[in-house]
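First the structure, in the form of structure tokens, and then the observations on it.
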Amino acid sequence: MYTGSYMLDGLQENISLKNYSTMRLGGVARYLVEVQDYHDIQRIVEWADSQSLPVVMIGQGSNIIWKDEGYPGVVIVNRVPGYELQDQGEQQFVIVGAGESWDEVVERTVASGLSGLECLSLIPGTVGATPVQNVGAYGKEVADCLVCVQAYDRVEKRMVVIPKSDCGFSYRNSRFKGDDHGRFFITSVTFSLTIRKPMPPFYASLQAYFGKHSISSSDITAQVVRDAVIAIRTEKLPDPKVVANAGSFFHNPIISTYQLDEIKEKYPGIVYWSVGDDEAKISAGWLLEQLGLKGYHEPNTGMAIWDKQALVFVNEKATSTAQLIAFRDAVMKEVKARFGIDLVQEPQLLP
Ligand SMILES: Cc1cc2nc3c(=O)[nH]c(=O)nc-3n(C[C@H](O)[C@H](O)[C@H](O)COP(=O)(O)OP(=O)(O)OC[C@H]3O[C@@H](n4cnc5c(N)ncnc54)[C@H](O)[C@@H]3O)c2cc1C
């Protein structure tokens with residue numbers, strides 16, 4: 001139960017949200033608090049409910065855009081620590097606190113000789129956010145290794161364990177990002193990893209890297225894959241600590257093969273991946289490149305597109321989320337006009 005002043009420890013008022021989004025935009029949170037464990041979460045939620053305030057949980061803000069209006073309730077920043085390895089022989093379970101830095105956890109598992117997370121190296125953010133958008137890269141997604149998440153359920157008002165089969169995972173999505181956003185506050189995630197070496201086939205750009213560096217299949221370990229992923233990512237993606245951005249700004253759109261064939265007639269070089277027999281996933285970055293937007297600097301909004309990866313929007317001089325949205329809308333309009341495709345934004349606009 002809510003215990004008054006103890007609960008209010010650490011609760012800050014009127015905090016700029018610019019420091020809680022790697023895009024560095026947004027208004028002010030009425031309240032903000034960092035939490036270390038489930039008891040903190042429960043107390044804050046009870047207090048917020050007693051005040052009829054909305055609550056949102058975040059990690060490092062690398063996949064959110066705050067509105068200029070700010071947040072009218074309590075922003076909970078997840079700092080729940082923890083790392084526990086359960087040795088089951090060839091298979092190993094790792095139970096990790098949601099507030100841990102994702103890449104530090106990947107580094108730790110790889111250093112322990114475990115395989116499973118290495119393709120997801122260098123993705124910014126916390127462990128607890130990875131199931132939310134089912135983070136993915138280089139042909140792998142977090143759902144591939146996830147066993148279950150432990151979370152505080154705001155509806156049931158208790159801790160729950162949600163197995164992978166109930167997480168509603170799909171491409172860059174889950175129930176935590178969709179219908180149940182705001183219901184579950186994830187406190188830890190359990191992964192199943194293996195001591196076996198990663199096996200081919202590898203994602204095309206990884207395979208190309210191995211070829212270029214004369215790395216043969218028998219030399220490939222989780223550490224080799226991690227090193228390759230870090231090298232490739234560092235080459236083409238901006239470091240959010242230095243350059244304000246939120247990674248890929250759009251999902252790769254999935255269209256019908258019929259629509260693909262129509263586009264191909266005009267643009268035979270279109271970059272896509274088949275999804276089953278009837279659909280194809282189009283490279284959104286390729287679409288933006290065709291519009292000449294790679295490396296584009298927009299003077300009116302202060303937004304830009306990264307010169308080494310057209311899918312990454314960069315906040316160079318924007319001072320408001322309204323400017324970012326104006327830029328986004330203009331880009332989406334151009335893509336629609338040229339290719340007939342509706343792009344879908346990846347980072348969540350909050351609240
Ligand atoms: C340079 C760059 C590269 C990126 N590359 C990739 C990539 O390759 N693949 C990819 O998938 N993503 C990528 N991203 C996006 C981002 O890093 C991931 O989505 C990451 O998991 C977000 O973690 P976070 O802690 O910053 O979450 P936040 O941005 O703080 O939150 C994201 C969402 O998760 C919710 N949330 C956060 N923590 C919890 C919790 N404990 N419980 C419940 N809900 C929670 C928030 O409410 C919000 O809806 C990239 C971003 C950047 C800036």
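A quick note: this is a predicted structure, and the numbers were derived from the prediction, not measured. First listed ligand is number 1; within each ligand, the first listed atom is number 1.
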Thr321 side chain reached by Ile325 side chain, heavy atoms, under 4.5 Å: yes
From Val132, Thr22, Leu311 - option closest to atom 44 (N) of ligand 1 by heavy atom: Val132
Taking atom 31 (O) of ligand 1 as the reference point, the nearest protein heavy atom with its distance: Ile64 CG2, 3.9 Å
Residue, atom name and distance, where the atom is the protein heavy atom closest to atom 13 (C) of ligand 1: Ile123 CG2, 3.8 Å
Option nearest atom 17 (O) of ligand 1 (shortest heavy-atom distance, choices Pro124, Ala151, Pro238, Gly125): Pro124
Protein residue, atom and distance nearest to atom 33 (C) of ligand 1, heavy-atom basis: Gln348 OE1, 3.7 Å
Min side-chain heavy-atom separation Ile282-Leu260 under 4.5 Å: yes
Minimum-distance protein heavy atom relative to atom 29 (O) of ligand 1: Asn63 N, 2.7 Å
Val224 reachable from Val229 in the ILVMFWY side-chain graph, under 4.5 Å edges: yes
Exercise: do Gln323 and Thr319 side chains pair donor with acceptor under 3.5 Å: yes
Backbone or side-chain N or O of Ala246 under 3.5 Å from ligand 1 N or O: no
Residue, atom name and distance, where the atom is the protein heavy atom closest to atom 16 (C) of ligand 1: Ser62 OG, 3.3 Å
Cation-pi geometry met for Arg108 and Tyr83 (6.0 Å, 45°): yes
Atom 27 (O) of ligand 1 - nearest protein heavy atom and its distance: Ala129 CB, 3.2 Å
Residue part near ligand 1, for Asn245, under 4.0 Å between non-hydrogen atoms: both
Residues Gln150 and Ser188: side-chain donor-acceptor under 3.5 angstrom: yes
Check: Ala137 N/O within less than 3.5 Å of ligand 1 N/O: no
Heavy-atom nearest neighbour of atom 46 (C) of ligand 1 within options Glu141, Arg79, Gln133, Met57: Met57
Identity and distance of the protein heavy atom lying nearest atom 42 (N) of ligand 1: Ile186 N, 2.9 Å
Subset of ligand 1 atoms that lie under 4.0 Å from at least one heavy atom of Ile58: 30 (O), 37 (C), 38 (N)
Under 3.5 Å: N/O of His181 near N/O of ligand 1: yes
Check: Tyr209 ring centroid to Phe202 ring centroid under 6.0 Å: no
Salt bridge Asp342-Lys333, side-chain N to carboxylate O under 4.0 Å: no
Geometric N/O contact Arg233 with ligand 1, under 3.5 angstrom: yes
Trp286 ring center within less than 6.0 Å of Phe250 ring center: no
Close approach of Phe184 to ligand 1, heavy atoms, under 4.0 angstrom: yes
Within 6.0 angstrom of Asn14 CG, more than 12 heavy atoms from elsewhere: yes
Closest protein heavy atom to atom 18 (C) of ligand 1, given as residue, atom name and distance to 0.1 Å: Val135 CG1, 3.8 Å
Side chain, backbone, both or neither: the part of Thr126 lying under 4.0 Å from ligand 1 by heavy atom: both
Exercise: do Ser192 and Gln91 side chains pair donor with acceptor under 3.5 Å: yes
Atom indices of ligand 1 within 4.0 angstrom of Arg172 heavy atoms, with elements: 11 (O)
Carboxylate-amine/guanidinium contact Glu235 Lys308, below 4.0 Å: no
Test of proximity, Gly136 against ligand 1: N or O pairs below 3.5 Å: yes
Ionic contact status for Arg183 with Asp153, cut-off 4.0 Å: yes
